[in-house]
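Report on the structure given below.
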Amino acid sequence: MYRTHTCGELRSDDVEQTVILCGWVDSTRDHGKGLFIDLRDRYGVTQAVVLPDRGEELLAKSKQIRNEFVLKIEGTVHRRPAGQENPRHQSGEIEVHIDSLEVLNRCEVPPFLPSQPEMPGEDLRLKHRYLDLRRRGMQTTLELRSKIIKTMRDYFEEHQFIDVETPILGRSTPEGARDYLVPSRVHPGSFYALPQSPQLYKQIMMVAGYDRYVQVARCFRDEDLRADRQPEFTQLDMEMSFVDSDDVIGMVDGLMARLVKQLRGVDLPLPLPRMTYDEAMRRFGHDAPDLRYGMEIEDCTDLAAEAEFRVFRSVAEAGNFVRGINARQAADRYSRKGIDELTEFVQHDFGAKGLAWFKVTEEGTLASPIAKNFPDTLLERFKERMGGEPGDLILFIADSWDTSCRALNGLRRRLASELKLYDPDEMHFSWVVEFPMFERDEETHRWVAMHHPFTAPRDEDIRQLKDSPEHCRAKAYDLVVNGYEAGGGTIRIHDQAIQQDVFGLLGMSPEEAQGRFGFLLDALKYGAPPHGGIALGIDRVVMLFGGLENIRDCIAFPKTQRAMDLMTEAPNTVAKEQLKELGLNLAQPPAQNPTKN
RNA sequence: GGCCCGGUAGCUCAAUUGGUUAGAGUACUGGACUGUCGAUCCAGUGGUUGCGGGUUCGAGUCCCGUCCGGGUCGCCA
C-alpha cells in the first residue's frame, strides 16, 4: 500500500493512528539530532518529524532528503506540543512521527521551488510546467476549472441537454478568424481546418432533432494572442430548438446563478440586467462594458457646437462627437505630466487627435489651459452636464464616433484600474443585446456580418433588411462579466429566403454561398426548426471566477504570446519524409528553432 | 506588422546620469544545533550582465541589429 491518507486530511481526530503518506518534500528543517519534513501533495501539507530517539539509521537516511524528493513515510499521528500548532496548514494541529521512510524518487535541484515566495519568470514556469503546476495557486485554479465544468455539465444534463462531440478535423470556411490547417495525406493538396467553433455542426444537430445540444468544445483560431486570448481555447457550446433570445438568455442566467451559488455561496439575483448594444456604446463606448463602476460617457456635442473653441466646434459641425467622462476626485491624482501620459495613450493606442481636460476647482469653476476659449456660462453648462464637483477631473475626446468610443473606453478602463474604482473580488454579470446585423469593412466598404452570416435579424427589423441594413439589429446577445465578453450567441436564421437576402447583402451570390456552406444550406432545407444558442469561453469564465488577470494561468499547458509551447517546443520542424508523404514543399527553409537561444 | 516594458548568479532582484575586483536575499554544498514551520548560526561554490556588432581610455549602463518573455494597437465572424 502506497498511502493511507493524503497530505491534507489528517486532523487531531486521527491522533495515535498509524499512517502512510506519500508526497513531495516542500521543505526540511534540520536540527541536528532530528529534523522536520513538510510533505506536500495536491491536498495539502503535513509536517513529518524524525525524532532524535529513532536511531542513527533513520536519521542518516532523512538527512539525504532534498527539496522535491518523492517520499513515502510511515509513522503515527501526534498532536503537536502546545503552542506549536501551525494555523497556516489545515493539518497544523498534528504531525506525523516517522518510523520509516522511503525515497520513492529523487529530484534534481529544480530551477525553482513550488513553494518559493517569489514568482518565477513566466517563461521558466512554462518551460518547467510540471514544477509550476505543483504551486498551490495553479492547483487551486485547475480545481476551480474542473468544478466549473462539472457544474456546467450537471446543469445542462438536468435540463435535458445531450452532450455531442463534433469533429476536430473539419473544413475551412473562409469567414472569421484565420484557420489552423491540417494537410491531408490521402488527398494531397487538400486541407482540413481545426474548428474555430462547432457552430455549423451544432446547427445541423438541431436540424437532426437533437433539440438541446451541449459540448465542452476545444476551438482554434490562428490570430495574435492577448492576456485573455489563446490560439487554442475551450467553449461551453450549446444550442436549443424552438427558442428565442429570451429562452437562451434565461437558460444561461440560471447557469450563472448556479455557478455563483456553488462557487461563492451567494444568490445571484435574476434575471441578469440587459442593455442594448447602442446603449452600451453610448454610455460606455464598448460592447462589453465593465459595470462594477460608473464613470459613464456624457455627450456634450451640442454644447461644443456653441463654443468658439475651434477644436470643439469644428468637430461638432463635421457631424462628429465631443464626449467625456468624469473621473471623480481624481484631479489631484493626475499632474500635468500624468495627463500628458493619458493624452499620449489615447493618441497612440486609439488614434484620437487629443485629450481635452478640465479640473473642477474648490470654487466650482473649470480650470484648464483651454478654459479661456469658453465663456463662463458655457463652462458652467459643461460642468453641469458632466456632474462636476470640486476635485473632479473631466476628460473629453472630440472625434469620430468610433474613435471617441474606443478612446473613452480605454480611458475609462485605465482610470478605473489606476484609481481602484472596483473591488477585484466583485463579479458583475450582464447581457448586451441587439447587436447590429452588419458593419462596414474598413477596407472594402462592404457589409460584413458582425457575428456570423446565419444570425437572425430581429422580427421587427426584417422589413428594413434590404433598405437600411445599417439599422437592422440582430437576435444576438453577449454575456458580459467585469468588462469581458464571457460568451456570445445568436438565434439563427431558419428561413431560406431571409438567409439568401443576408448572403446577398454580404455580396455573396447563391452559388458562392452554396459553395461555402452548402452542407448547412442543404440541411436547412430539410425541416430546420427555429433554433439558437450560445458559446461561453470557459477559460475566461475560470479567469473571472478565479480573480486572475490572464488566461494562461487557467490552462494547464498554455502557449506564449508567439504561440509556442515552451515545454514541448511546439511547433517544430518535421522530417522531410513527413512533408513528402503529405505532398508539401516548403517555400522557405524553416527558421532556426527559436527556443534554442 | 506597429508601439511600450523587461532579460544581470539556479531563482527573485540591486548596481550612483559611463568609472576599482558586478552585490544582496534565497536555492545549492559543507559544518553546528533536541521543536522548527520563510528555522537559526558559521563557512563555501556559483556570472560570456540573452546574443552579435558599434561608440569610448573605460559599457551591465549609451547606440544599432537580433532572439526570448510580457503588455497593447491592428487582428480575433
Side-chain angles (χ1 to χ4, degrees), chain A residues 26-38 45-54 59 63 66-68 78 80-89 91-92 95 97 108-113 115-128 131 173-178 196-197 199 219-231 233 341 344-351 406-407 410 413-414 435 437-439 441-443 447-455 474 476 485 488 490 506 537 549-550 552 559-562 564 566 591-597:
Chain A
D26 201 52
S27 68
T28 59
R29 293 174 292 283
D30 188 345
H31 285 252
K33 297 282 192 295
L35 59 82
F36 298 92
I37 299 168
D38 282 351
V45 175
T46 296
Q47 171 165 283
V49 195
V50 175
L51 291 166
D53 61 2
R54 299 297 156 106
L59 186 66
K63 280 180 182 286
R66 293 293 178 269
N67 284 328
E68 299 306 311
H78 287 258
R80 293 193 190 189
Q84 296 199 2
E85 298 83 3
N86 186 347
R88 284 174 54 206
H89 294 142
S91 65
E95 62 191 8
H97 294 182
E108 289 187 17
V109 177
F112 61 90
L113 292 172
S115 54
Q116 75 180 44
E118 316 92 4
M119 186 68 106
E122 192 153 1
D123 44 349
L124 205 69
R125 291 175 55 202
L126 293 175
K127 181 168 180 190
H128 303 279
L131 296 178
T173 52
E175 293 281 321
R178 199 175 292 115
Q196 296 178 24
S197 79
Q199 180 62 42
C219 307
F220 307 86
R221 292 178 191 176
D222 187 6
E223 298 291 347
D224 286 346
L225 285 71
R226 285 287 186 284
D228 63 347
R229 260 164 38 193
Q230 280 274 306
F233 60 102
E341 281 172 18
E344 199 179 320
F345 170 61
V346 295
Q347 289 173 331
H348 179 267
D349 274 19
F350 309 105
R406 269 197 264 259
R413 285 174 192 254
R414 176 170 170 160
F435 281 73
M437 284 285 287
F438 310 100
E439 57 189 347
D441 184 295
E442 295 280 334
E443 286 164 22
W447 292 113
V448 293
M450 192 154 180
H451 207 86
H452 56 64
F454 314 107
T455 303
E485 180 195 331
T490 63
L506 297 174
E549 287 178 349
N550 86 63
R552 294 182 299 281
K559 302 207 169 24
T560 67
Q561 196 164 66
R562 294 187 63 249
M564 290 272 307
L566 294 183
Q592 288 281 323
N593 187 335
T595 59
K596 295 296 185 202
N597 289 316

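We name chains A, B, ... by the order of the sequence lines, and we start the count at 1 in each one.
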Exercise for review: Determine whether S197(A) and R221(A) make a side-chain contact, defined as any pair of heavy atoms from C-beta on separated by less than 4.5 Å.
Suggested key: yes

Check your understanding: Now, which nucleotide makes the Watson-Crick or G-U wobble pair with C41(B), with each of the two distances under 3.5 Å?
Key -> G31(B)

**Study point:** Proximity to the side chain of F36(A) - top-ranked nucleotide from G69(B), G74(B), U36(B)
**Key:** U36(B)

Check your understanding: Which comes earlier along RNA chain B counting from the 5' end, the contact point of F345(A) or that of R229(A), where each point is its nearest nucleotide?
Key -> F345(A)

Review point. Roughly how far apart, to the nearest Å, are A27(B) and U12(B) at atom P?
Key: 15 Å

Check your understanding: Can you tell me the Watson-Crick or wobble partner of A59(B), both distances under 3.5 angstrom?
Key -> none

**Study point:** Mate of A24(B) where both pairing distances stay under 3.5 Å, Watson-Crick or G-U
**Key:** U12(B)

Review point. Can you tell me how far C1' of G74(B) sits from CG of D441(A), to the nearest Å?
Key: 13 Å

Practice item. Taking R562(A) for its side chain and K559(A) for its backbone only, find out whether a donor-acceptor pair lies under 3.5 Å. Key: no

Exercise for review: Please lay out, stage by stage, how R552(A) and Q230(A) fare under the test side chain to side chain contact (heavy atoms under 4.5 Å, CB included).
Suggested key: CA-CA 8 Å; R552(A) 294 182 299 281; Q230(A) 280 274 306; 3.4 Å; yes

Review point. To the side chain of R66(A), which of C73(B), G30(B), U72(B) is closest?
Key: G30(B)

**Study point:** Atom-pair distance (NZ on K559(A); P on G69(B)), nearest Å
**Key:** 13 Å

Check your understanding: When we call it a touch if two heavy atoms are under 4.0 Å apart, what does R552(A) touch: a base, just sugar-phosphate, or nothing?
Key -> sugar-phosphate

Practice item. Would you mind classifying the nucleic acid contact of E122(A) as base, sugar-phosphate or nothing, using non-hydrogen atoms under 4.0 angstrom? Key: sugar-phosphate

Review point. Among side-chain atoms of Q561(A) and R229(A), is any donor-acceptor pair under 3.5 angstrom?
Key: no

Check your understanding: Any donor-acceptor pair under 3.5 Å joining the side chain of R221(A) to the base of C76(B)?
Key -> no

**Study point:** Pairing nucleotide - U66(B), Watson-Crick or G-U, each distance under 3.5 Å
**Key:** G50(B)

Practice item. Assign R88(A) to base, sugar-phosphate, or nothing according to its heavy-atom contacts below 4.0 angstrom with the strands shown. Key: sugar-phosphate

Point to revise | Paired nucleotide for U36(B) [Watson-Crick or G-U wobble; both distances under 3.5 Å] | key: none

Practice item. Apply the test salt bridge (Lys or Arg N to Asp or Glu O under 4.0 Å) to residues D38(A) and R29(A): give CA-CA distance (whole Å), side-chain angles for both, the deciding distance (0.1 Å), then the verdict. Key: CA-CA 9 Å; D38(A) 282 351; R29(A) 293 174 292 283; 3.0 Å; yes

**Study point:** Polar side-chain contact N86(A)-C37(B) base: donor and acceptor under 3.5 Å
**Key:** yes

Check your understanding: Expressed in whole Å, how much space separates the P atoms belonging to A43(B) and A14(B)?
Key -> 27 Å

Point to revise | Any strand: nucleotide that pairs with C3(B) via Watson-Crick or wobble, under 3.5 Å | key: G71(B)

**Study point:** Atom CD of E223(A): over 12 foreign heavy atoms under 6.0 Å
**Key:** yes

Exercise for review: May I ask you to say what R178(A) touches in the nucleic acid, namely base, sugar-phosphate or nothing, with a heavy-atom cut-off under 4.0 Å?
Suggested key: nothing

Review point. Within the modelled atom types, does a donor on one side and an acceptor on the other bring the side chain of R562(A) and the base of C67(B) under 3.5 Å apart?
Key: no

Point to revise | Parallel, tilted or perpendicular: ring planes of H97(A) versus H78(A), cut at 30 and 60 degrees | key: parallel

At a cut-off of 3.5 Å, list every protein nitrogen or oxygen paired with a nitrogen or oxygen from nucleotides 39-43 of chain B, distance to 0.1 Å.
from: A39(B); atom 1: N6; to: D30(A); atom 2: O; distance (Å): 2.5

**Study point:** Touch class at under 4.0 angstrom, heavy-atom based, for Q230(A) against every strand present
**Key:** nothing

Review point. What residues form a ring-ring contact (aromatic ring centres under 6.0 Å, His included) with F438(A), not counting sequence neighbours?
Key: none

Practice item. For K33(A) and L59(A), indicate whether the former's side chain and the latter's backbone hold a donor-acceptor pair under 3.5 Å. Key: no

Check your understanding: How does protein reach along nucleotides 4-11 of chain B, written 5' to 3' as B (base within reach of a heavy atom under 4.0 Å), S (only sugar-phosphate), or - (no contact)?
Key -> ------SS

Exercise for review: Would you mind telling me which residue lines up with the more 5' stretch of RNA chain B, G176(A) or Q47(A), judged by nearest nucleotide?
Suggested key: Q47(A)

Check your understanding: Heavy-atom distance under 4.5 Å between the side chains of P111(A) and L131(A), does that happen here?
Key -> yes

Exercise for review: Establish whether the base of G70(B) is bridged to the side chain of R226(A) by a donor-acceptor pair shorter than 3.5 Å.
Suggested key: no

Exercise for review: For the pair Q196(A) (side chain) and A177(A) (backbone), establish whether a donor and an acceptor sit closer than 3.5 Å, ignoring hydrogens and angles.
Suggested key: yes

Review point. With a non-hydrogen cut-off below 4.0 angstrom, is T455(A) in contact with a base, only sugar-phosphate, or nothing?
Key: nothing

